[in-house]
Amino acid sequence: MNWITNYVRPKINSMLGRREVPENLWIKCPETGEMVFHIDLEENHFVIPASGYHMKMSAEARLKHIFDEGKYETLPSPKVPQDPLKFRDSKKYSDRLRDSRTKTGLDDSVVAAHGAMQGVNIVACVHDFAFMGGSLGIAAGEAIIQAFEAAIARNCPLVMFPASGGARMQEGILSLMQLPRTTVAVEMLKEAGLPYIVVLTNPTTGGVSASYAMLGDIHLAEPGAEICFAGKRVIEQTIREKLPEGFQTSEYLLDHGMIDMVVHRHDLPETIARLLRIFLKLDAPAPKALAAPSPEPGTEPEVAEAAQ
């Protein structure tokens, strides 16, 4: 046994070697390359402070942001057949589902919840892009339909936050059938006379943008979000022309009348609540009372004498 090789050298290497840093400790801004401390980014609702770039946001973080004091009631996840087509590409679909569930802690890509936003009761439906690209499968489609049914039963509006690459190819035609099913659910909500607001986030593409994501009464969008059916590269290869700069972004769609407003993430709860109050004909919230200014040092005895 070589004592220097087996004990001394590893001890020195551990002291002088490069320390391992968690992968998510620093986040790089895709626009400027700036490195942002993860905790600072989380406290700023995943918006890069300097550039204003809106990073992707988990479903849990989104729900905590929009609901008052971060409190909400999660609606039950629907029970649906798993891997109905026994699909396999480079990996079994059942394995992909298991890995995504382990990674995100979610049953599928859509989470629905009920709570108050700026004092207005709503049902919110949120895609989590980390779960297989927020793709729309049977479970996600059923969760969306049940969210609309819950909104009708509770007589409250529904706010949708799509973030998806489109239909889930591993479920084939069963995934595509969620497009007409969710469209019917939207019509049910409208027939009940309840508002439906969509907040388009980055990215909203494919079959999701071809169905419930573009059927709202009002369409808001976060800055810089990619919103489209087919991707820019696919269109350029098809028409063999170069597309304009910023094509398919929130700002481009606003300029061309496809959406109603581009709203910063920090302003979304207040903006949505204000719109819903208009739809529901609710009174504006009472302004908060301003605190009385504290007396200047040395004036307390004079105030007391005046009171007497």
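From a predicted model like this one, the values you see are computed outputs, not experimental measurements.
Judged purely by atom type and a 3.5 angstrom limit, Thr271 uses its side chain to pair as donor or acceptor with the backbone of Asp267. Of the possible donor and acceptor atoms, none in the side chain of His65 sits under 3.5 Å from a partner among the backbone N and O of Ala61. The backbone N or O of Arg274 lies less than 3.5 Å from no partner atom in the side chain of Gln118, so there is not a single donor-acceptor pair. Judged purely by atom type and a 3.5 angstrom limit, Ser250 uses its side chain to pair as donor or acceptor with the backbone of Ala225. Judged by distance alone, with hydrogens and angles left aside, the side-chain atoms of Ser100 form no donor-acceptor pair with the main-chain N or O of Leu97 at under 3.5 Å. Using modelled atom types, no side-chain atom of Asn121 and backbone atom of Cys156 make a donor-acceptor pair closer than 3.5 Å. The backbone N or O of Pro195 sits nowhere less than 3.5 Å from a side-chain atom of Asp217 that would complete a donor-acceptor pair. Remark: the backbone N or O of Val199 is not paired with any side-chain donor or acceptor of Glu222 at under 3.5 angstrom. Without hydrogens or angle criteria, Thr204 side chain to Leu200 main chain gives no donor-acceptor distance under 3.5 Å. For the pair Arg265 (side chain) and Met55 (backbone), a donor-acceptor distance under 3.5 Å is present.
Taking all atoms of both residues into account, the shortest heavy-atom contact from Cys228 to Gln248 is CB-NE2, 3.2 Å. Annotation for Phe67 and Met117: closest pair CD2-N, 4.5 Å, computed over non-hydrogen atoms. Here the closest non-hydrogen pair linking Thr201 and Pro162 is OG1-O, 2.5 Å. When all heavy atoms of Val123 and Leu75 are compared, the pair lying nearest together is CG1-CD1, 4.2 Å. Shown here for Ser135 and Ser164, the closest heavy-atom pair between the two residues is CA-OG, 3.7 Å. Here the closest non-hydrogen pair linking Ser211 and Thr183 is CB-OG1, 4.0 Å.
Using a 4.0 Å cut-off between charged nitrogen and carboxylate oxygen, Asp83 and Lys86 do not count as a salt-bridge pair. Between Arg240 and Glu236 there is no salt bridge, since no side-chain N of the basic residue sits under 4.0 Å from a carboxylate O of the acidic one. Contact check on Glu142 versus Arg181 returns a salt bridge, with a Lys/Arg side-chain nitrogen under 4.0 Å from an Asp/Glu carboxylate oxygen. A salt bridge is defined here as a Lys NZ or Arg NE, NH1 or NH2 lying under 4.0 Å from an Asp or Glu carboxylate O, and Asp128 with Arg62 fails to meet this definition. A salt bridge is absent between Glu42 and Lys64; no separation between the charged side-chain nitrogens and carboxylate oxygens falls under 4.0 Å.
One finds the CD1 atom of Ile27 at 11.0 Å from the SG atom of Cys29 (value rounded to the nearest 0.5 Å). For the atom pair Arg101 CZ and Met132 CE, the distance stands at 10.0 Å (nearest 0.5 Å). Separation of atoms CE (Met57) and CG (Asn202) is listed at 13.5 Å; rounding is to 0.5 Å. Rounded to the nearest 0.5 angstrom, Tyr196 OH and Met188 CE are separated by 13.5 Å. In this structure, CD1 in Ile218 is found 8.5 Å from CE in Met261, a value given to the nearest 0.5 Å. In this structure, CE on Met35 lies 11.0 Å from CG on Leu41, to the nearest 0.5 angstrom.
Between Tyr212 and His127, the angle of the ring planes stays under 30°, which puts this pair in the parallel group of the 30/60° scheme. Aromatic ring orientation, Phe37 versus Trp26: tilted (interplanar angle from 30° to 60°).
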- Message: If you apply the rule side chain to side chain contact (heavy atoms under 4.5 Å, CB included), what do you find for Lys28 with Glu34, and how did you get there?
- Response: CA-CA 6 Å; Lys28 185 177 182 180; Glu34 175 192 5; over 6 Å; no

- Message: Run Ile259 and Leu220 through side chain to side chain contact (heavy atoms under 4.5 Å, CB included) and show every step you take.
- Response: CA-CA 6 Å; Ile259 61 175; Leu220 311 180; over 6 Å; no

- Message: Go through it in stages, so that I can follow the logic: the residues are Arg96 and Ser90, the test is side chain to side chain donor-acceptor pair (under 3.5 Å), and I'd like the CA-CA distance, side-chain angles, deciding distance and then a yes or no.
- Response: CA-CA 10 Å; Arg96 292 188 185 277; Ser90 59; 3.1 Å; yes

- Any chance you could lay out the side chain to side chain contact (heavy atoms under 4.5 Å, CB included) test for Glu187 and Phe148, step after step, and finish with the verdict? CA-CA 10 Å; Glu187 292 305 314; Phe148 277 98; over 6 Å; no

- Item | Test side chain to side chain contact (heavy atoms under 4.5 Å, CB included) applied to His266 and Asn44, step by step | CA-CA 8 Å; His266 294 172; Asn44 202 42; 3.1 Å; yes

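In this structure, Phe87 places its CZ atom where more than 12 heavy-atom neighbours from other residues, nucleotides or ligands lie under 6.0 Å away. Counting heavy-atom neighbours within 6.0 Å of Ile239 CD1, excluding the residue itself, gives a total above 12. In this structure, Met258 places its CE atom where only 12 or fewer heavy-atom neighbours from other residues, nucleotides or ligands lie under 6.0 Å away. Lys103 NZ: 12 or fewer foreign heavy atoms inside a 6.0 Å radius.
Inter-residue side-chain proximity for Val47 and Tyr53 is flagged as unmet; no heavy-atom pair is nearer than 4.5 Å. For the pair Met177 and Ile138, the minimum side-chain heavy-atom distance is 4.5 Å or more. At a threshold of 4.5 Å between non-hydrogen side-chain atoms, the residues Ile48 and Glu31 do not count as touching. Inter-residue side-chain proximity for Ile197 and Pro157 is flagged as unmet; no heavy-atom pair is nearer than 4.5 Å. Pro203 is not listed as a side-chain neighbour of Ile227, based on a closest heavy-atom distance of 4.5 Å or more.
Under the 4.5 Å side-chain heavy-atom criterion for Ile, Leu, Val, Met, Phe, Trp and Tyr, Ile272 and Ile122 are members of the same hydrophobic cluster. Linking ILVMFWY residues whenever their side-chain heavy atoms come closer than 4.5 Å, directly or via other members, leaves Leu85 and Met169 in distinct clusters. Ile66 is connected to Val111 through a chain of hydrophobic side-chain contacts under 4.5 Å among Ile, Leu, Val, Met, Phe, Trp and Tyr, so both are in one cluster. One hydrophobic cluster, built from ILVMFWY side chains closer than 4.5 Å, holds both Leu276 and Tyr72. Taken together through direct or relayed side-chain contacts under 4.5 Å among Ile, Leu, Val, Met, Phe, Trp and Tyr, Leu136 and Val110 form part of one hydrophobic cluster.
In this structure, a donor-acceptor pair under 3.5 Å is absent between the side chains of Gln82 and Tyr93.
Scanning for side chain to side chain donor-acceptor pair (under 3.5 Å) contacts around Asp107 gives Ser77, with sequence neighbours left out. Here Lys91 pairs with Asp99 under the salt bridge (Lys or Arg N to Asp or Glu O under 4.0 Å) rule; sequence neighbours left out.
Proximity of the aromatic rings of His54 and His264 is defined here by a centroid distance below 6.0 angstrom, and this criterion is met.
Seen from the ring of Phe129, Lys56 counts as a face-on cation partner, given the 6.0 Å and 45° thresholds.
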